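One structure below.
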Amino acid sequence: MEQKIPYKIYLNENEIPTQWYNLRADMKNKPAPLLNPGTGEPMKAEELYGVFCEELVKQELDNDTPYIDIPGEILDFYKMYRPSPLVRAYFLEKALDTPAKIYYKFEGNNTSGSHKLNSSIAQAYYAKKQGLKGVTTETGAGQWGTALSMACSYFGLDCKVFMVKVSYEQKPFRREVMRTYGASVTPSPSDKTNIGRKILEEFPGTTGSLGCAISEAVEVATSTPGYRYVLGSVLNQVLLHQSIIGLETKTALDKYGIKPDMIIGCAGGGSNLGGLIAPFMGEKLRGEADYRIIAVEPASCPSFTRGTYAYDFCDTGKVCPLAKMYTLGSGFIPSPNHAGGLRYHGMSSILSQLYDDKYMEAVSVPQRRVFEAAELFARVEGILPAPESSHAIRVAIDEALKCKETGEDKTIVFGLTGTGYFDMVAYENYHDGTMEDYIPTDEEIQKSISTLPQIG
Ligand SMILES: *Cc1c(COP(=O)(O)O)cnc(C)c1O
């Protein structure tokens with residue numbers, strides 16, 4: 001007999017994982033190494049120490065250690081807002097009239113409103129431990145900047161945030177949350193850095209991009225003593241920290257003997273998805289189990305589905321190491337769509353390799369269909385989802401509707417990465433019918449991809 005599954009599967013505090021899981025340890029084809037843009041050689045740890053904290057560099061380059069202890073101070077912080085619930089979407093299932101069983105892992109239950117706090121607290125901890133004064137970063141929609149400013153205020157670190165200009169202007173409340181936690185926030189491109197001034201000269205009136213804000217933040221970190229740069233997605237270390245999402249999800253599912261058929265997550269730089277799928281992908285890589293794993297990206301910034309797998313610059317200013325990834329080209333500036341957290345031109349090297357090796361699938365969805373799903377979800381499940389998260393909702397709903405046609409009772413797990421309270425302008429556009437589905441042409445993508453560095 002099927003055990004009745006509660007609406008929320010909560011774990012208790014002692015069930016929070018005490019180690020992160022490093023998916024790379026189980027990959028036969030390891031993600032390609034970061035390259036020095038000058039020499040084309042793999043970056044050595046010492047070369048990265050000027051940009052990133054030492055312990056984080058070690059995590060970044062560690063392809064072999066499967067489990068890494070979570071330091072006690074980070075675990076203490078996690079206990080303020082974790083474990084996060086795994087929710088059975090009974091009301092959504094009913095609204096869709098589907099035999100599918102839908103679960104979502106909800107990461108929006110903290111003030112920053114997203115999963116990003118899981119990595120920001122780790123990165124701030126290692127910066128503090130190294131005796132640094134502060135960190136610099138970029139933020140798109142503002143979730144990462146918010147998460148980092150919370151983490152920095154907790155550890156008494158200074159925090160300088162470069163915020164993509166379009167978001168800085170559209171989301172004044174985000175900005176003020178960051179300043180409440182003590183961060184300084186600068187719209188990017190700015191005239192405070194060489195690279196910012198150069199980009200402003202070349203593209204006056206640009207609304208900015210993550211790639212550009214990264215360049216500015218790196219420039220300030222490497223030219224200010226006692227500062228390092230931290231990044232909220234894409235990097236291996238961030239996926240490592242985010243594995244807490246997947247490990248908790250797996251523990252909760254195992255409690256009730258639930259085996260998912262598919263796992264769905266939105267993918268900007270790939271950190272929430274990489275974290276959510278980590279233990280499941282581990283089983284898949286070791287041949288112990290099989291799952292369909294689906295990355296969802298916006299049709300306006302389709303790195304997996306329309307990008308190229310190649311070495312590229314991580315930032316517009318070309319100051320960062322080269323990473324091999326699915327990319328639209330570092331000069332790609334997506335239309336100002338409303339999922340700021342999904343506007344990055346590239347993708348995690350780990351997920352890129354797994355995708356290239358066919359361990360996972362990817363789909364892209366236009367934003368009006370995303371908001372349609374967001375609104376349905378809000379009305380039946382109560383949570384007001386972030387536009388980014390709603391990409392996963394869209395595809396979870398689509399898959400559940402397929403089950404309705406075929407009569408299959410598949411089990412779907414998706415990542416609900418955050419809440420959308422700061423995205424009400426986007427909801428307003430959707431409600432007023434002024435939202436557009438911008439999809440780049442092949443020529444636009446080709447133009448941007450043609451500027452990839454020539455490597456190998
Ligand atoms: C940043 C963000 C994302 C996308 O980032 P990933 O690194 O791909 O996870 C998704 N959802 C929310 C709510 C975010 O803030």
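Both ligands and their constituent atoms are indexed starting at 1 by order of listing. Residue numbers count from 1 along this sequence. Please read all numbers here as calculations on a predicted model, not as lab measurements.
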* Asked: Within the distance-only criterion (no hydrogens, no angle test), does the side chain of Asn110 pair as donor or acceptor with the backbone N or O of Ser112 below 3.5 angstrom?
  -> yes
* To do: Write out the residue and atom name of the closest protein heavy atom to atom 14 (C) of ligand 1, then the distance separating them to 0.1 Å.
  => Lys116 NZ, 2.7 Å
* To do: Measure the spacing between CG of Leu75 and CD1 of Ile70 and express it to the nearest 0.5 Å.
  => 5.0 Å
* To do: Within a distance under 4.0 Å of any heavy atom of Ala267, pick out the atoms of ligand 1 and give their elements.
  => 8 (O)
* **Contact (N/O only, under 3.5 Å) between Gly418 and ligand 1** => no
* Structure fact -> CD (Glu60) and CG (Leu235) are apart, to the nearest 0.5 Å, by 4.5 Å
* Would you kindly specify which portion of His115 sits under 4.0 Å from ligand 1, judged on non-hydrogen atoms: side chain, backbone, both or neither? => side chain
* Looking just at side-chain N and O atoms, do Tyr291 and Glu283 make a donor-acceptor pair shorter than 3.5 Å? -> yes
* Closest non-hydrogen protein atom to atom 4 (C) of ligand 1, residue and atom name please, with distance? -> Gly341 O, 3.4 Å
* Asked: Among all protein non-hydrogen atoms, which one is nearest to atom 8 (O) of ligand 1, and what is the separation to 0.1 Å?
  -> Gly268 N, 2.7 Å
* To do: May I ask you to check if ligand 1 and Gly270 share an N or O to N or O distance below 3.5 Å?
  => yes
* Structure fact -> Among non-hydrogen protein atoms, atom 11 (N) of ligand 1 lies closest to Thr417 OG1, 2.7 Å
* Please name the pair of heavy atoms, one in Val380 and one in Phe91, separated by the smallest distance, quoted to 0.1 Å. => O-CB, 3.3 Å
* Structure fact -> For Ser114, the ligand 1 atoms with a heavy-atom partner under 4.0 Å come out as 13 (C), 15 (O)
* Residue pair Glu375 / His431, side-chain donor-acceptor N/O under 3.5 Å -> yes
* Asked: Does any N or O atom in Ser389 lie less than 3.5 angstrom from one in ligand 1, N or O only?
  -> no
* Ignoring hydrogens and angles, state whether a donor on the side chain of Ser190 or Glu216 is under 3.5 Å from an acceptor on the partner side chain. => yes
* To do: Would you mind checking which non-hydrogen protein atom is closest to atom 7 (O) of ligand 1, with the distance to 0.1 Å?
  => Ser233 OG, 2.5 Å
* Asked: Regarding Glu107 and Tyr81, is there a side-chain donor-to-acceptor distance under 3.5 Å anywhere?
  -> no
* **Contacting atoms of ligand 1, where contact means under 4.0 angstrom from a heavy atom of Leu342** => 4 (C)
